[in-house]
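Let me begin by presenting the structure, written as structure tokens, before commenting on it.
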Amino acid sequence: MRHTKFSQLAQIYLELEQIMSGNLMRKILSEFLKTIPKNEINIISYMTLGRIASKYSEVNIGMAEKMVLRSIADAAKKHMGVIEKEFMKKGDVGLVAEQNVRHGRKTLSAKEVFETLHKIANVSGAGSQEKKICLLSKLFANASPLEAKYLARIVVGQLRLGAGEKTLLDSMAIAFTGSKKAKKTIEHAYNVCPDIGVIAKTVVKSGLAGVGKIDVLPGRPVQMMLAQRVEKITDITKKIRGDIAAEEKYDGERVQAHSQNGKITLFSRRLENITAQFPDVIAALKKNIRSKTYILEGEVVPVDNKGNLLPFQILMARKRKHEIEKYASKVPVHFYIFDILLANGSSFLRQQYPKRRKMLEKITKECPPIFLSRRTVSKNIDDIESFFDDVLQRGCEGIVAKSCAADSYYTPGTRGWLWIKWKREYQKELADTFDLVIVGAFAGRGKRSGSYGALLCAVYNPDTEKFETLCKLGSGFSDEQLAELPKKFPAIKQQPSNVSVAKNMTPDIWVAPEQVIEVLGAEITKSQLHTAGSGLALRFPRFVRYRHDKSPEQATTPKEILKIMKARSYK
Ligand code: AMP
């Protein structure tokens, strides 16, 4: 049996790391994928994204930088002190590994590395640190310097090649199908099944026809459907013809509940398993949903003891490992269900929204803390507007208007016109909120010395898979929030390859593009200082809140900014 050598993978990483052009990356990757034995394509796909499992899997290698440095020291037979000193200078475990590891005797296969990393992830209990270090140092002892560099980065979760999920999916389309249509089919399949290994295996084994058949599966999270926005509430009727179902927009946490023969798992919008946080919701689902195998979606909202909706931030108290039961009664919640993707074992993805809603009504017994989203259905925008005024009184943040048309399917991971959100803030003149990713910081001066003076915020461009800066943000923070910025956004040594910054905007401190915040902005202008949409900037930005529920790839995009800018210039 032929195996892919880990050195081949390292060579590809090196090439990908050095090029900026997305097209060239796709070319290199697709040529490489063609050379991979069919039964290893899943392994290679995970590893190219710097992972050893799907993005929703809970497999965790569990080795911090210090443990990786120990493994390097053991393999290189050097003192830990020497290795640590080098790390202080270089700030990258990959470079330290490359400098110290010498060519081993054995040829490492990608499979062997992958399997050993899983073994490391599975080690638990007493002495687990030592066992993990020992397993990793054996890999280092057999690695070349180049292999060691990338191995170390995979272990600490910092491969960051600049080739992300989309590049890899496109490369699969080019390598195995050759058709242009393939990209769309593969991308859709990845939204339905966000497991790159499963997608890759299906492409090579059953081609595009097989990929097209990938459907929802209980226990496997589905990338959630998103809502568009309009500039004026009356624009909703331009986008949704016929009946409009206006639902209350709850300001809580989006939750996808999967029941597999009665075993319930909850996933967050980032596809994290958050089952443990909501034992009360699980108990209520078990009692009040009349189906054994289903996937449904809703919003968990904190409420007071009279059932009044409370602000989203209160939910943070539930994000804990201990005393969950105590906090479940201290911070009660309601679960407002608004969609269904699978019922009684059948997929509902390609059922129109009215049919999905009907099914929800059929299987749900509304009983606190479980409710169906409240809504009104009308063709008339005046009715929708008066419903909007109503829901604000209830403490909702607005409405989501949903199409009832024949093609109103559940579209995973897509921000389309089937759902349109309309929020309170949109009514205020010249104020919009943006979900931005922190990519850097500027040192504070005067009153702010010792902390950060401003954060550098970016949008996410899904076409290039790069973070492009939009504004420098210094206001809206309380004194406590200001003081904790350096801890919340620690410095990294280098500019990540997927962050694009103009020369005159180089921050004092680089920050890994991992966290999303909501920012209120007053004006969008053209500016050479920022890279968003080749030169857009947000003026007078103010911090609103942290959006821990959003992943960086779910941040606002340059296209959305352009749209807002265009709409405003008509005012
Ligand atoms: P935003 O986070 O501002 O993009 O708004 C979209 C989010 O609103 C969704 O991801 C849901 O978490 C949330 N939401 C609240 N109520 C509803 C509803 N009735 N239908 C759909 N989404 C809703």
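None of the values given here were measured: they were computed from a predicted structure. Atom set for the values below is all heavy atoms of this structure, side chains included, hydrogens, waters and symmetry mates excluded. Counting starts at 1 for both ligands and their atoms, following the listed order.
- The shortest heavy-atom contact between Ile492 and Val511 is CD1-C, 3.9 Å.
- Judged by the 6.0 Å and 45° rule, Lys472 forms a cation-pi pair with Phe442.
- Contacts with ligand 1 closer than 4.0 Å are made by heavy atoms of both the backbone and the side chain of Tyr250.
- Between Phe489 and Tyr546, the ring planes lie tilted relative to each other; the angle falls in the 30° to 60° range.
- Near Lys402, meaning under 4.0 Å from any of its heavy atoms, are these atoms of ligand 1: 18 (C), 20 (N), 21 (C).
- Residue Trp419 places a heavy atom less than 4.0 Å from ligand 1.
- Atom numbering of ligand 1 starts at 1 in the shown order; those under 4.0 Å from a heavy atom of Lys550 are 2 (O), 4 (O).
- Residues Gln256 and His258 have side chains that bring a donor and an acceptor to within less than 3.5 angstrom of each other.
- Counting heavy atoms under 4.0 Å from ligand 1, residue Glu248 touches it through the backbone alone.
- When Arg318, Arg269, Lys319 are each tested for a salt bridge (Lys or Arg N to Asp or Glu O under 4.0 Å) with Glu253, only one passes: Lys319.
- Under 4.0 Å from ligand 1, the heavy atoms of Lys423 that appear belong solely to its side chain.
- Residue contacts with ligand 1 include Arg269, since one of its heavy atoms falls under 4.0 Å from the ligand.
- Ion pairing between Asp304 and Lys306 fails under the 4.0 Å rule for side-chain N and carboxylate O.
- Taking any N or O of Glu247, backbone or side chain, at least one lies under 3.5 Å from an N or O belonging to ligand 1.
- Considering each of Arg547, Lys421, Gln228, Lys249, the one bringing a non-hydrogen atom nearest atom 7 (C) of ligand 1 is Lys249.
- By the side chain to side chain contact (heavy atoms under 4.5 Å, CB included) test, Asn461 is found to be paired with Asp463, Thr464, Glu468, Pro558, residues two or more places apart in sequence or in another chain being considered.
- Not a single heavy atom of Glu253 sits less than 4.0 Å from an atom of ligand 1.
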List the atom pairs, donor and acceptor, that lie under 3.5 Å between side-chain atoms in residues 326-344 and the rest of the protein, sequence neighbours left out.
unit_1, atom_1, unit_2, atom_2, d
Lys326, NZ, Glu323, OE2, 3.4
Tyr327, OH, Arg320, NH2, 3.4
Ser329, OG, Lys326, O, 2.9
His334, ND1, Tyr336, OH, 3.3
Asp339, OD1, Arg356, NE, 2.6
Asp339, OD2, Arg356, NH2, 3.1
Asn344, OD1, Ser291, OG, 2.8

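- In terms of N/O distances under 3.5 Å, ligand 1 is approached by Arg254.
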